[in-house]
Amino acid sequence: MDTTNIVEFLAEALHPSSPGDPTWGDRLSQALDSLRGKKLLLAASTGGHLSQLHRLAELMEPADDSLWVTFDKPQSRSMLADQRHRFIPYIAPRDARRVLSGAKTFREILAEEEFDAVVSTGAAIALSSHLVAQHHGLRTIYIESVSRFDGPSLTGRILQRVPRIERYCQHPGYDARKWKQEFSVLDAYASDPTWKPTQPPRSIFVTLGTIHPYRFDRLVDKLVSVAPPETRFTWQLGSTARTDLPGDVHIEMSSTAFEAAASESDLVITHAGVGTIMGLLDMRRPTLVVPRRRGYREHVDDHQLQITREVSQRGLAVAAEVDQIGTGTLAAALAKKVL
C-alpha cells in the first residue's frame, strides 16, 4: 500500500478534519512552553521514539495526570513506572490495519477523559493518535525523529498532508511550509578530547534493539568472528534470537539491566537506533555504531545510515558498516567517548 492509499484509507476510516494549511508563527521552544502544566496525551513507539518524547516531556513538564501510550516492553515499563500509562498492541512499520486498531484505543481514551493536547514523536502510533485527535478537535503536535535527516518518515509524510497538525523536525532541509526546525537533541553532546583508553576492549556489550521482526545476524556473526577469544560478551538480541553465542544472552532487558551491562563493559556495540545511541551518549560510554541495511532485510528502510553518518561527523562515536569491522575498529571505538 503506497503513501497516497494509506492516507485515503485512514482518512476514510477516521474522518479527520480538513480545511486550511497550518501556519508556523510559533517557535518550538514556545510550543513546548505552552504545554507546560497541561494534561497531555503522549504517544510514541518504544525505542528511540519513546526516548526522545520522554526527554522532551522533561522540558514540557506536563501535568501529573497526563497519560503515556506506548507498547509493553522492558524499556517502557522501566521508563514509565512512575507515570500514568497505557500499553497497546505493537504497531509494526507500515501496518495500516494495526494503525486502525490503535486508533480504536485512542478513541476509547478520548471518550473517557479530556486532554489539552496530543504529542507524538512517532512512529506509526502517531497516525493512530493524531488522526483521532484531529477528529476530536484537539491540538496535535508531531515531532519527527532525530534519525530523519533528509526528510520525513512515512508517518511524517502522511501527517504533513493533514491540516492543523503542528509539525517539527530536528534538522534543516525540510519543506519550510510544512515543518519547523529549531534544534537537534544531538546538540547536547560533544567529544571528549582527553579520553585515552589504557587497554583494548576485554568486555563488550552488544545491543541490537527490539524492533520486530527485523534480525541483525550479520553483525552478530561478524563480532564473533573478529573479537579475540577471551572477549567477554553480553548480548541484547531483540528479534535476533540465538542459542550459539558466548557470554550472557538476553532477548530484552529492563532499563536498569541495560545500564548495568553498558556500564560494566569496556565497549558497547549498537545498531544505529537513535534511542539506544542517546542513552549511551548520556552514559558517556565508548560506542561503535553499526547501521542496519534494508537490502539485507534488517530494517524497513536505510534511515539508520543517516544517524550513523551524523554521529560520526560530530565525533561522538565511531561508526562502521558490518563488513568494515575488525580488531582495529574495536580499538578505535574504545578510544572515543563524549564529555
Side-chain angles (χ1 to χ4, degrees), residues 1-22 31-32 34-35 38-47 49-50 52-54 56-57 60 62-63 65-73 76 80 83-145 152-169 178-179:
M1 185 178 293
D2 63 25
T3 302
T4 301
N5 288 338
I6 291 175
V7 172
E8 294 172 352
F9 181 59
L10 294 173
E12 181 178 357
L14 301 176
H15 306 294
S17 49
S18 60
D21 289 330
L32 294 180
S34 71
L35 297 173
K38 302 294 187 180
K39 182 180 179 181
L40 304 181
L41 182 57
L42 301 149
S45 299
T46 47
H49 299 282
L50 182 59
Q52 291 177 77
L53 187 55
H54 193 262
L56 289 166
M60 297 175 199
D65 57 349
S66 295
L67 179 67
W68 291 80
V69 181
T70 186
F71 312 136
D72 187 4
K73 297 286 185 180
S76 55
L80 304 177
Q83 308 286 337
R84 287 186 69 220
H85 62 268
R86 179 166 175 174
F87 294 137
I88 65 173
Y90 176 68
I91 303 174
R94 308 190 181 192
D95 188 339
R97 295 195 180 278
R98 283 291 183 93
V99 168
L100 288 176
S101 178
K104 180 180 178 181
T105 301
F106 282 101
R107 285 198 297 270
E108 293 172 354
I109 292 172
L110 293 178
E112 294 168 358
E113 55 183 306
E114 296 182 353
F115 295 88
D116 296 309
V118 182
V119 185
S120 180
T121 48
I125 194 173
L127 298 177
S128 300
S129 62
H130 279 35
L131 295 180
V132 171
Q134 283 283 287
H135 183 55
H136 280 256
L138 281 174
R139 182 183 180 189
T140 51
I141 298 172
Y142 176 72
I143 303 171
E144 186 60 274
S145 172
S153 61
L154 176 59
T155 296
R157 294 198 301 273
I158 294 172
L159 292 181
Q160 74 181 6
R161 300 181 61 176
V162 180
R164 295 197 301 276
I165 290 180
E166 300 174 41
R167 294 175 291 263
Y168 297 94
C169 59
K178 300 176 179 179
W179 297 90

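Only this structure's heavy atoms are used, side chains among them; waters, hydrogens and symmetry mates stay out. Keep in mind that what you see is a predicted model, and the values were worked out from it rather than measured.
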(request) Nearest 0.5 Å please: distance from the SG atom of Cys169 over to the NZ atom of Lys178. (result) 13.0 Å
(request) Return the minimal non-hydrogen interatomic distance between Trp179 and Gly156, and the atom names on each side. (result) CZ2-O, 3.6 Å
(request) Find the distance between NE2 (His85) and CG (Leu42) and round it off to the nearest 0.5 Å. (result) 13.0 Å
(message) Could you measure the distance from the CZ atom of Arg139 to the CG atom of Leu41? Nearest 0.5 Å is fine.
(response) 14.0 Å
(message) So, taking the atom named CG in Leu127 and the one named CD1 in Ile158, what distance separates them when rounded to the nearest 0.5 Å?
(response) 4.5 Å
(message) Keeping Ser76 on the side-chain end and Phe71 on the backbone end, is there a donor-acceptor pair under 3.5 Å?
(response) yes
(request) Compare all side-chain heavy atoms of Ile91 with those of Ser128 and state whether any distance is below 4.5 angstrom. (result) yes
(message) Any non-hydrogen side-chain atom of Leu56 less than 4.5 Å from a side-chain atom of Val119?
(response) no
(request) May I ask you to test the Trp68-Leu53 pair for a side-chain heavy-atom distance under 4.5 Å? (result) yes
(request) Return the set of residues passing side chain to side chain donor-acceptor pair (under 3.5 Å) with Glu108 (not counting sequence neighbours), or none when no residue passes. (result) Arg86
(request) Quick one: closest heavy-atom pair of Ala117 and Leu35, and the distance? (result) CB-CD2, 3.8 Å
(request) Output yes when a side-chain donor or acceptor of Arg167 lies under 3.5 Å from a complementary backbone atom of Leu159, and no otherwise. (result) yes
(request) Kindly give the heavy-atom pair with the smallest separation between Ile125 and Thr70, and that separation in Å. (result) CD1-CA, 4.2 Å
(request) Compare every heavy atom of Ser66 with every heavy atom of Lys38, then report the nearest pair and how far apart it is. (result) O-OG, 3.3 Å
(message) Looking at Arg107 and Val132, would you say the former's side chain and the latter's main chain have a donor-acceptor pair under 3.5 Å?
(response) no
(message) Minimum heavy-atom separation for Ala133 and Leu110, please, with both atom names.
(response) CA-CD1, 4.1 Å
(request) Would you list the pairs meeting side chain to side chain donor-acceptor pair (under 3.5 Å) in which at least one residue belongs to residues 113-123, sequence neighbours left out? (result) Lys39-Glu113, Arg84-Glu113
(message) As an exercise, state the distance from CD1 of Ile165 to CG of Leu138, rounded to the nearest 0.5 Å.
(response) 11.5 Å
(request) Measure the spacing between CD1 of Ile88 and CZ of Phe106 and express it to the nearest 0.5 Å. (result) 5.0 Å
(message) Go through it in stages, so that I can follow the logic: the residues are Gln52 and Ile143, the test is side chain to side chain contact (heavy atoms under 4.5 Å, CB included), and I'd like the CA-CA distance, side-chain angles, deciding distance and then a yes or no.
(response) CA-CA 9 Å; Gln52 291 177 77; Ile143 303 171; over 6 Å; no
(request) Evaluate the ring planes of His130 and Tyr142, with Trp represented by its six-membered ring, and classify them as parallel (under 30°), tilted (30 to 60°) or perpendicular (over 60°). (result) perpendicular
